[in-house]
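To keep things clear, I will list the structure first and then write my remarks on it.
In the text below, chain A, chain B and the rest are named by the order of the sequence lines, each starting its count at 1. As a basis for the values below, the full set of heavy atoms in this structure was taken, side chains included, without hydrogen atoms, waters or symmetry mates. Note that the structure is a prediction, hence the values are computed from the model and not measured.
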2 protein chains.
Amino acid sequence: MTFDEALGVLKKRGQKMTPQRSTVLRTLMESSRPMTAQEVYREVTKVHPHVSLDTVYRNLTLLTDVGLVHQSNLQNRDVARFEFQGDEHRHYAICLNCHKSIRLDWCPVETKLMTQALRKQFSIVKHAFEVYGYCAECRFLRSASA
Amino acid sequence: MTFDEALGVLKKRGQKMTPQRSTVLRTLMESSRPMTAQEVYREVTKVHPHVSLDTVYRNLTLLTDVGLVHQSNLQNRDVARFEFQGDEHRHYAICLNCHKSIRLDWCPVETKLMTQALRKQFSIVKHAFEVYGYCAECRFLRSASA
DNA sequence: CTATATGCAAATGCTTTGCAAATCC
DNA sequence: GGATTTGCAAAGCATTTGCATATAG
């Protein structure tokens, strides 16, 4: 999805386009991994030194509501993370040691096996799927030290 | 899993069994749905009026670490929820309107399609999977009012 | 007897909100 | 011009932590 297409989605909903909002959106679009609100804030600050953190939060929430952005929570009581999803989205395996995100090319909700039964009694809006464990490197380090 | 078997898991790790801890464990074992820390606290209070909320939190964390309890976060920036899982665990579809949890009889990580590729580069410790949307009743109400 | 667990109270840190001023369309 | 958005500051709220005391094994 292009930046202009994303803008179209916002305009269709009667949302205005401010410099701050467009920078938040662009930041997420250019990122290759899910970002925390703080990380987005830091990036946006480079362009607009006067943004406030709450503006970033408000925009992240708006973009998520509109469906342009996907929010994921680490199960480990960690902070929320946001990523641009456009038309397709991703899931991640997250290392409990180094916190690296490894992208999965698989989505449980696209599995017929699961959806067939569920869709009859439930209309799916969104979903969360995350795997936690140890990446190859950290697994190696752990087995070495044990 | 019986209560005594669960105790065995704790003893094996050198954990002590206190009245508070055993009540937290029993509460989760007897619950048919995931509970928030506050809900557990309220239940435990009925038996031990003097428990503190942080003791409940500490025990929930311990039981989760040990693997007896499964923690789920609602993606909607809601509070964490805990449920006894014993040997098998569950996933839920959560209604965005009435917040009802509908149990799924399906787990993405038990799908060979997904695990084959992942296990080569990652050792899975736990995972989170939740579906959000509208249950049959709330879907009906929404379409009626629209 | 010693490690573990508890209670209390205070702190932490992410996220949200009220309000007046600024700004987009 | 009128609704939306921003910035500031303060509040909210789930969760965590330090520390002295109590308790399990």
Side-chain angles (χ1 to χ4, degrees), chain A residues 4 6-27 34-45 47-66 68-69 71-82 99, chain B residues 4 6-27 34-45 47-66 68-69 71-82 99:
Chain A
D4 286 341
L7 288 192
V9 174
L10 288 171
K11 285 197 177 153
K12 207 177 296 176
R13 299 221 343 175
Q15 313 289 354
K16 297 179 177 173
M17 184 48 54
T18 65
Q20 294 91 329
R21 177 165 300 165
S22 105
T23 309
V24 167
L25 177 56
R26 200 182 290 278
T27 299
M35 300 176 78
T36 65
Q38 292 283 353
E39 288 170 338
V40 173
Y41 174 62
R42 219 172 296 132
E43 278 304 308
V44 176
T45 300
V47 184
H48 303 285
H50 282 299
V51 237
S52 59
L53 181 57
D54 45 289
T55 293
V56 170
Y57 269 110
R58 277 189 278 233
N59 278 311
L60 290 174
T61 302
L62 175 72
L63 292 171
T64 302
D65 288 346
V66 169
L68 288 171
V69 164
Q71 177 194 335
S72 58
N73 284 346
L74 292 186
Q75 193 184 36
N76 296 355
R77 313 245 183 114
D78 210 339
V79 295
R81 282 163 202 270
F82 302 86
H99 302 105
Chain B
D4 285 341
L7 288 191
V9 173
L10 288 171
K11 284 200 176 150
K12 208 176 297 175
R13 300 222 339 176
Q15 312 289 353
K16 296 180 176 174
M17 184 48 54
T18 66
Q20 294 91 328
R21 176 165 300 165
S22 104
T23 310
V24 167
L25 176 56
R26 199 182 289 279
T27 299
M35 301 175 78
T36 65
Q38 291 283 352
E39 287 171 339
V40 173
Y41 174 61
R42 218 171 298 133
E43 277 306 308
V44 176
T45 300
V47 185
H48 304 284
H50 282 299
V51 237
S52 60
L53 182 56
D54 46 288
T55 294
V56 170
Y57 269 109
R58 278 188 277 232
N59 278 312
L60 290 174
T61 303
L62 175 73
L63 292 171
T64 303
D65 288 346
V66 170
L68 288 171
V69 164
Q71 177 194 337
S72 58
N73 285 343
L74 291 187
Q75 193 185 38
N76 297 355
R77 312 245 183 112
D78 211 339
V79 295
R81 281 161 203 274
F82 302 85
H99 302 105

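Following rounding to the nearest Å, B:Leu60 (CG) and C:dT6 (P) show an atom-to-atom distance of 11 Å. Per the geometry, CG belonging to B:Leu7 stands 14 Å off P belonging to D:dA24, to the nearest Å. What separates CE of B:Met35 from P of D:dT15 is a distance of 14 Å, to the nearest Å. Atom C1' of nucleotide C:dC14 and atom CG of A:Asp54 are separated by 13 Å, given to the nearest angstrom. Protein atom OH of A:Tyr41 is 14 Å distant from nucleotide atom P of C:dT15, rounded to whole Å. Computed from coordinates, the A:Asp65 CG to C:dT16 P distance equals 10 Å when rounded to whole Å. Taking atom CZ on A:Arg13 and atom C1' on D:dA3, their separation rounds to 15 Å, with Å as the unit.
No side-chain heavy atom of A:Gln38 sits less than 4.5 Å from a side-chain heavy atom of A:Val56. Between B:Leu62 and B:Arg21, some side-chain heavy-atom pair lies under the 4.5 Å cut-off. The side-chain heavy atoms of A:Gln71 and A:Thr61, taken from C-beta on, include no pair separated by under 4.5 Å.
Listed nucleotides: D:dT5, C:dT17, C:dG7. Nearest to the side chain of A:Arg21: D:dT5. Set against C:dG7, C:dT15, C:dT16, the side chain of A:Leu53 has C:dT15 as its closest nucleotide.
Taking all atoms of both residues into account, the shortest heavy-atom contact from B:Leu10 to B:Met17 is CD1-CE, 3.3 Å. Heavy-atom minimum distance, B:Val51 versus B:Tyr41: O-CE1, 3.5 Å. Closest heavy-atom contact between A:Ala37 and A:Leu53: O-CD1, 4.3 Å. Counting all heavy atoms, side chain and backbone alike, A:Glu43 lies closest to A:Met35 at CG-CE, 3.9 Å. Of all non-hydrogen atoms in B:Leu25 and B:Ala6, the two that sit nearest each other are CD2-CB, 3.9 Å.
Across all strands shown, A:Asn59 has heavy atoms under 4.0 Å from sugar-phosphate atoms exclusively, and none from any base.
Each of B:Val40, B:Val24, B:Val44 was checked for a side chain to side chain contact (heavy atoms under 4.5 Å, CB included) with B:Asn59, and the lone residue meeting it is B:Val24.
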Protein-nucleotides 19-25 of chain C N/O pairs closer than 3.5 Å?
residue : atom : partner : partner atom : Å
C:dC24  : O2   : A:Lys16 : NZ           : 2.7
C:dC25  : OP1  : A:Met17 : N            : 3.0

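The side chain of B:Tyr57 places no N or O atom within less than 4.0 Å of a non-bridging phosphate oxygen (OP1 or OP2) of D:dT16.
Taken over five-pair windows at either terminus, the axes of the helix from C:dC1-D:dG25 to C:dC25-D:dG1 are inclined to one another by 50° (rounded to 10 degrees).
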